[in-house]
Amino acid sequence: ECVLRRKLASLYRLVDWLGWSQSIYNHITARVSPDHDEFLLNPFGLLYQEITASSLVKVDVAGQILDEGSTQFGISKAGYTLHSAIHAARPEIQCVIHAHTRAGAAVSSMRCGLLPICQEALILGEVSYHDYSGILVDLAER
């Protein structure tokens with residue numbers, strides 16, 4: 001878990017460096033183990049550039065905080081709701097990145113969505129969509 005924490009903290013900083021972060025409103029999670037429904041999530045209130053391995057929060061898919069990390073910030077309910085749904089439904093997925101990039105916003109605003117018209121679009125594989133209905137905090141939407 002220690003190595004995973006360092007890798008995830010590094011990924012947060014890389015995503016920020018690439019300009020893919022949006023203040024504190026994105027999330028990246030990593031499954032702790034293939035045998036458990038536990039994942040690491042950023043504490044709500046830290047910028048991506050401020051996240052460290054020790055500040056990451058360990059939570060299970062039921063919402064129980066197992067390790068609050070080095071801060072007292074807790075987690076984003078919206079981030080937990082989205083990522084817990086994915087980790088619960090797809091146990092083979094180790095990492096989930098939720099970003100608000102300009103390119104992503106442009107594609108999501110098109111009725112046709114992401115078209116398989118270039119190499120980059122094809123390597124993404126299967127893409128899923130969820131109709132936007134506001135900040136995702138209703139657990140029933142999982």
Side-chain angles (χ1 to χ4, degrees), residues 1-116 118 120-142:
E1 183 177 325
C2 185
V3 171
L4 180 63
R5 285 178 172 273
R6 289 195 299 264
K7 287 181 177 182
L8 184 57
S10 296
L11 181 57
Y12 271 101
R13 290 170 183 257
L14 176 62
V15 165
D16 183 62
W17 182 77
L18 291 170
W20 297 351
S21 62
Q22 185 182 48
S23 184
I24 59 173
Y25 300 106
N26 307 64
H27 310 95
I28 306 171
T29 56
R31 183 181 297 277
V32 174
S33 161
D35 303 324
H36 298 93
D37 284 334
E38 303 168 353
F39 56 94
L40 299 172
L41 175 67
N42 58 311
F44 188 63
L46 289 184
L47 297 171
Y48 273 30
Q49 63 190 358
E50 299 173 318
I51 294 170
T52 63
S54 63
S55 69
L56 292 165
V57 179
K58 182 163 52 168
V59 64
D60 65 17
V61 293
Q64 181 179 1
I65 293 178
L66 306 172
D67 180 351
E68 65 183 10
S70 60
T71 74
Q72 301 294 317
F73 289 131
I75 59 171
S76 160
K77 186 171 183 182
Y80 158 75
T81 302
L82 174 64
H83 288 260
S84 65
I86 296 167
H87 284 294
R90 300 288 303 271
E92 76 280 10
I93 293 177
Q94 184 165 353
C95 182
V96 177
I97 300 174
H98 171 210
H100 298 181
T101 65
R102 281 178 266 178
V107 169
S108 69
S109 69
M110 298 184 322
R111 182 171 301 236
C112 60
L114 181 65
L115 297 174
C118 67
E120 291 79 7
L122 292 172
I123 63 171
L124 290 176
E126 185 180 338
V127 176
S128 299
Y129 294 92
H130 181 275
D131 290 337
Y132 182 74
S133 58
I135 295 175
L136 185 63
V137 293
D138 183 1
L139 294 177
E141 284 194 71
R142 292 194 297 180

Can you tell me how far [atom2] of [Y] sits from [atom1] of [X], rounded to the nearest 0.5 angstrom?
X: T101; Y: L18; atom1: OG1; atom2: CG; value: 11.0 Å
X: L8; Y: L56; atom1: CG; atom2: CG; value: 5.0 Å
X: S84; Y: L82; atom1: OG; atom2: CG; value: 8.0 Å

*Residue list, side-chain contact (heavy atoms from CB on, under 4.5 Å) with C2, at least two apart or on another chain*: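 If we apply the side-chain contact (heavy atoms from CB on, under 4.5 Å) test to C2, skipping adjacent residues, the hits are R6.
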*Using side-chain contact (heavy atoms from CB on, under 4.5 Å) as the criterion, list what pairs up with S10, not counting sequence neighbours.*
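S10 satisfies side-chain contact (heavy atoms from CB on, under 4.5 Å) with no other residue.
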_Any V15 side-chain heavy atom under 4.5 Å of N26 side chain_ =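 No. Closest side-chain heavy atoms not under 4.5 Å.
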_Side chain to side chain, V57 and F73, heavy atoms closer than 4.5 Å_ =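 The answer is no; the side chains never approach within 4.5 Å.
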Closest approach of [X] and [Y], non-hydrogen atoms and distance?
X: L11; Y: I28; value: CD2-CG2, 3.7 Å
X: I93; Y: C95; value: CG2-O, 3.4 Å
X: A105; Y: S108; value: O-OG, 3.0 Å

By side-chain hydrogen bond (donor to acceptor under 3.5 Å, both in side chains) - contacts of [X] (at least two apart):
X: E1; answer: R5, K58
X: R13; answer: none
X: Q72; answer: E68
X: D16; answer: S21

*Would you sort out whether T29 and I86 count as a side chain to side chain contact (heavy atoms under 4.5 Å, CB included), showing the intermediate values?*
CA-CA 10 Å; T29 56; I86 296 167; over 6 Å; no
*How would you list, by chain and number, every residue that makes a ring pair (Phe, Tyr, Trp, His ring centres under 6.0 Å) with F44, sequence neighbours excluded?*
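Ring pair (Phe, Tyr, Trp, His ring centres under 6.0 Å) list for F44, sorted by chain: empty.
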Please tabulate, one pair per line, all N/O donor-acceptor pairs under 3.5 Å involving side-chain atoms of residues 34-43, not counting sequence neighbours.
| unit_1 | atom_1 | unit_2 | atom_2 | d |
| --- | --- | --- | --- | --- |
| D37 | OD1 | R31 | NH1 | 3.3 |
| N42 | OD1 | Y12 | OH | 2.9 |

*Check: H27 main-chain N/O paired with Y48 side-chain donor or acceptor under 3.5 Å*: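 Yes, because the side chain of Y48 sits within donor-acceptor range (under 3.5 Å) of the backbone of H27.
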*Okay, side chain of S55, backbone of I51: is any donor-acceptor separation there less than 3.5 Å?*
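Absent.
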